[in-house]
Amino acid sequence: MRKFAAVFSICFVLILCCVGLAGAEIIEGKANSAGTVTWQFDTDTGNVVVSGTGKMENWTLIYNTSWRDYNEEFVHAEIGNGVTEICDSAFSSCTNLTSITIPNSVTKIGSSAFYGCTALTQMTIPGSVASMGNNIFEGCTGLSSVTMQSGVTSIGYNAFSRCASLTSITIPNTVTSLGSSAFSNCTALTSVTLSSSLTAIADYTFNSCSNLAGITIPSSVTSIGRMAFYCCSKLANVTISNGVTSIGNDSFGGCTSLTSITIPNSVTTIGSSAFSGCSALTSVAISSGVTTIGSSAFSDCSALTNITLPNSVTSIGAYAFNGCTNLANITLSNGITSIEDCTFQNCEKLTSIVIPNGVTSLGGWVFNNCYSLSSISIPSSVTTISEEPLGWNTSIQNIYVESISTLFLENLDFGYTEKQRNLYVNGSLLTDLVIRNEDNITSIPGGIFSGLACLKTVTLSNNITTIGNS
């Protein structure tokens, strides 16, 4: 009986082994048309091995790969020494792939090679890889650790976009090119070390990295692209090294934790909305190299209390400081030639401002809703005034000009104000207005004097042909 039981046990084990062996299957195929690179897939372990010499076939889409029927079963991928290129979309959407081994023989990884590999948790890129393609790890939501060895020179656009578990990244100093949106929407990313050889921060590179706490832009970088750090809401510390020449549109827009920024001498252009919505920004130091401040550049920086624009600045865009509700003092550059529409609109705490002699154009609604501004001086250099530069509902009571012309009479709108105003001409309060023939004024708009508390008499020239109502 014992002998029978022993024989039965041995037979049972052998049957189980046979069943196990029967369930396992090794599937093979070519990884390029020449057959110099092949692959083997073990259905039992989920391991796929790509071996041989040379490049993998460039299939472009995962649906064209020779292993398309098994890609969702891959658990581990091993690229053999001798393979030189991993093709586009090679392992795209391999949602069960947890790890991959890449040898030093590989010099290029194609676009979307590991796109959407949501189970992939860590990755090492050997220094032999010079080029990393576009979208290479996009949507790898489980990827938490990436090591790039020295030797990589370029990283494509969207390379790590939407890698929601990635917490830190060090880009080796060999990298010179970083594609647009390379790390956009990496919402767990807190720390980034950039390459000292990087030449530009491309558009959207770190867009919506909502936990990124700080960044140092190296001196090798010459430009910061559009929306590069847009809506990085935890970004509190930014160092821009001397070397950057332009800060792109919306580059730091919506960085609500940023408290201070220093613009180095190398920067010539601050783009439109570059720091718009930086509601915690209290300190801005602009160096003497800046010539252009774009429209809405500092709009809605509600914590900003004062700012000085160096004399190098020649252009300030419309709405540049709109909504800076705590801005009390601003020193304008002597190089400015025009103040555009709504530049200081809604600067409720602005108490004084000097328009430099040299400004030739004053836009519309420039000082609208500047409730704390009680006086303003308009230099004789101003030859163009748009409609209602003082806006409505302002507290401006004293206006200083050097001469009277149709320009001022028509556009300063003395008659449409909640508060009576005083007009000073060459430092003297205007009580008796004499319009001379040589002033070349031919018409008096309706209602323009009704808000002038100081005015007692008006003497008109013979050139006046039209007088408006009221």
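One-based numbering along the sequence shown. Predicted model only: the values in this text are computed from it and were never measured.
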Without swapping roles, check the side chain of [X] against the backbone of [Y] for a donor-acceptor pair under 3.5 Å.
{"X": "D203", "Y": "R226", "result": "yes"}
{"X": "S165", "Y": "T141", "result": "yes"}
{"X": "S197", "Y": "V175", "result": "no"}
{"X": "S372", "Y": "E348", "result": "yes"}
{"X": "T291", "Y": "T268", "result": "yes"}
{"X": "N211", "Y": "A188", "result": "no"}
{"X": "T190", "Y": "T167", "result": "yes"}
{"X": "S128", "Y": "V106", "result": "yes"}
{"X": "S105", "Y": "T84", "result": "no"}
{"X": "S287", "Y": "I263", "result": "yes"}

Taking atom types as modelled, is there a side-chain donor on [X] or [Y] under 3.5 Å from an acceptor on the other?
{"X": "S276", "Y": "D300", "answer": "no"}
{"X": "N369", "Y": "N346", "answer": "yes"}
{"X": "N357", "Y": "S381", "answer": "yes"}
{"X": "S112", "Y": "S89", "answer": "no"}
{"X": "S184", "Y": "S161", "answer": "yes"}

Candidate pair S272 and S295, rule side-chain hydrogen bond (donor to acceptor under 3.5 Å, both in side chains), full reasoning: CA-CA 5 Å; S272 298; S295 59; 3.0 Å; yes
Centroid-centroid under 6.0 Å between F91 and W67 rings: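 Judged by ring-centre distance (under 6.0 Å), F91 and W67 do meet the cut-off.
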Separation between [atom1] of [X] and [atom2] of [Y], rounded to the nearest 0.5 Å:
{"X": "L178", "Y": "S195", "atom1": "CG", "atom2": "OG", "value": "9.0 Å"}
{"X": "I355", "Y": "L362", "atom1": "CD1", "atom2": "CG", "value": "5.0 Å"}
{"X": "I376", "Y": "F367", "atom1": "CD1", "atom2": "CZ", "value": "3.5 Å"}
{"X": "N96", "Y": "L120", "atom1": "CG", "atom2": "CG", "value": "12.0 Å"}
{"X": "C94", "Y": "H76", "atom1": "SG", "atom2": "NE2", "value": "13.0 Å"}
{"X": "M56", "Y": "E85", "atom1": "CE", "atom2": "CD", "value": "10.0 Å"}

Which pairs of donor and acceptor atoms, one on a side chain in residues 214-221, lie under 3.5 Å apart (sequence neighbours left out)?
unit_1, atom_1, unit_2, atom_2, d
S220, OG, S196, O, 2.9
S220, OG, L198, N, 3.4
S220, OG, L198, O, 2.6

Given side chains that start at C-beta, do those of [X] and [Y] come closer than 4.5 Å, heavy atoms only?
{"X": "N32", "Y": "K55", "answer": "no"}
{"X": "K30", "Y": "S66", "answer": "no"}
{"X": "L309", "Y": "I316", "answer": "yes"}
{"X": "I86", "Y": "V50", "answer": "no"}
{"X": "F321", "Y": "I307", "answer": "yes"}
{"X": "V146", "Y": "F137", "answer": "no"}
{"X": "N134", "Y": "N158", "answer": "no"}
{"X": "I169", "Y": "F183", "answer": "yes"}

[X] versus [Y], closest heavy-atom pair with distance:
{"X": "S302", "Y": "S279", "result": "OG-O, 3.6 Å"}
{"X": "A274", "Y": "G248", "result": "CB-O, 3.8 Å"}
{"X": "S150", "Y": "P172", "result": "CA-CB, 4.0 Å"}
{"X": "A320", "Y": "G294", "result": "CB-O, 4.1 Å"}
{"X": "C140", "Y": "G116", "result": "SG-N, 4.2 Å"}
{"X": "I293", "Y": "A297", "result": "CG2-CB, 3.6 Å"}

Derivation and outcome, side chain to side chain contact (heavy atoms under 4.5 Å, CB included), residues E28 and T38: CA-CA 7 Å; E28 299 179 341; T38 59; over 6 Å; no
Greater than 12 external heavy atoms within 6.0 Å of [X]'s [atom1]:
{"X": "Q149", "atom1": "CD", "value": "yes"}
{"X": "F160", "atom1": "CZ", "value": "yes"}
{"X": "Y157", "atom1": "OH", "value": "no"}

Steps toward side chain to side chain contact (heavy atoms under 4.5 Å, CB included) verdict (N47, E78): CA-CA 8 Å; N47 293 341; E78 179 182 344; over 6 Å; no
Check against side chain to side chain contact (heavy atoms under 4.5 Å, CB included), F275 and V238: CA-CA 12 Å; F275 295 94; V238 173; over 6 Å; no
Test log, rule side chain to side chain contact (heavy atoms under 4.5 Å, CB included), inputs S131 and K108: CA-CA 5 Å; S131 174; K108 180 181 178 181; 4.3 Å; yes
Can you give me every donor-acceptor pair (side chain of residues 328-345, partner residue at least two apart or in another chain, under 3.5 Å) with its distance?
unit_1, atom_1, unit_2, atom_2, d
S333, OG, P310, O, 3.0
S333, OG, N311, O, 3.1
S333, OG, V313, O, 2.7
S333, OG, G335, N, 2.9
S338, OG, E340, OE2, 2.9
D341, OD1, G364, N, 2.7
T343, OG1, E340, N, 3.3
T343, OG1, E340, O, 2.6
Q345, OE1, N368, ND2, 3.1
Q345, NE2, N322, OD1, 3.4

Whether Y70 and W39 hold their rings parallel, tilted or perpendicular, with breakpoints at 30° and 60°: tilted
Qualifying residues under ring-ring contact (aromatic ring centres under 6.0 Å, His included), relative to Y204, sequence neighbours excluded: none
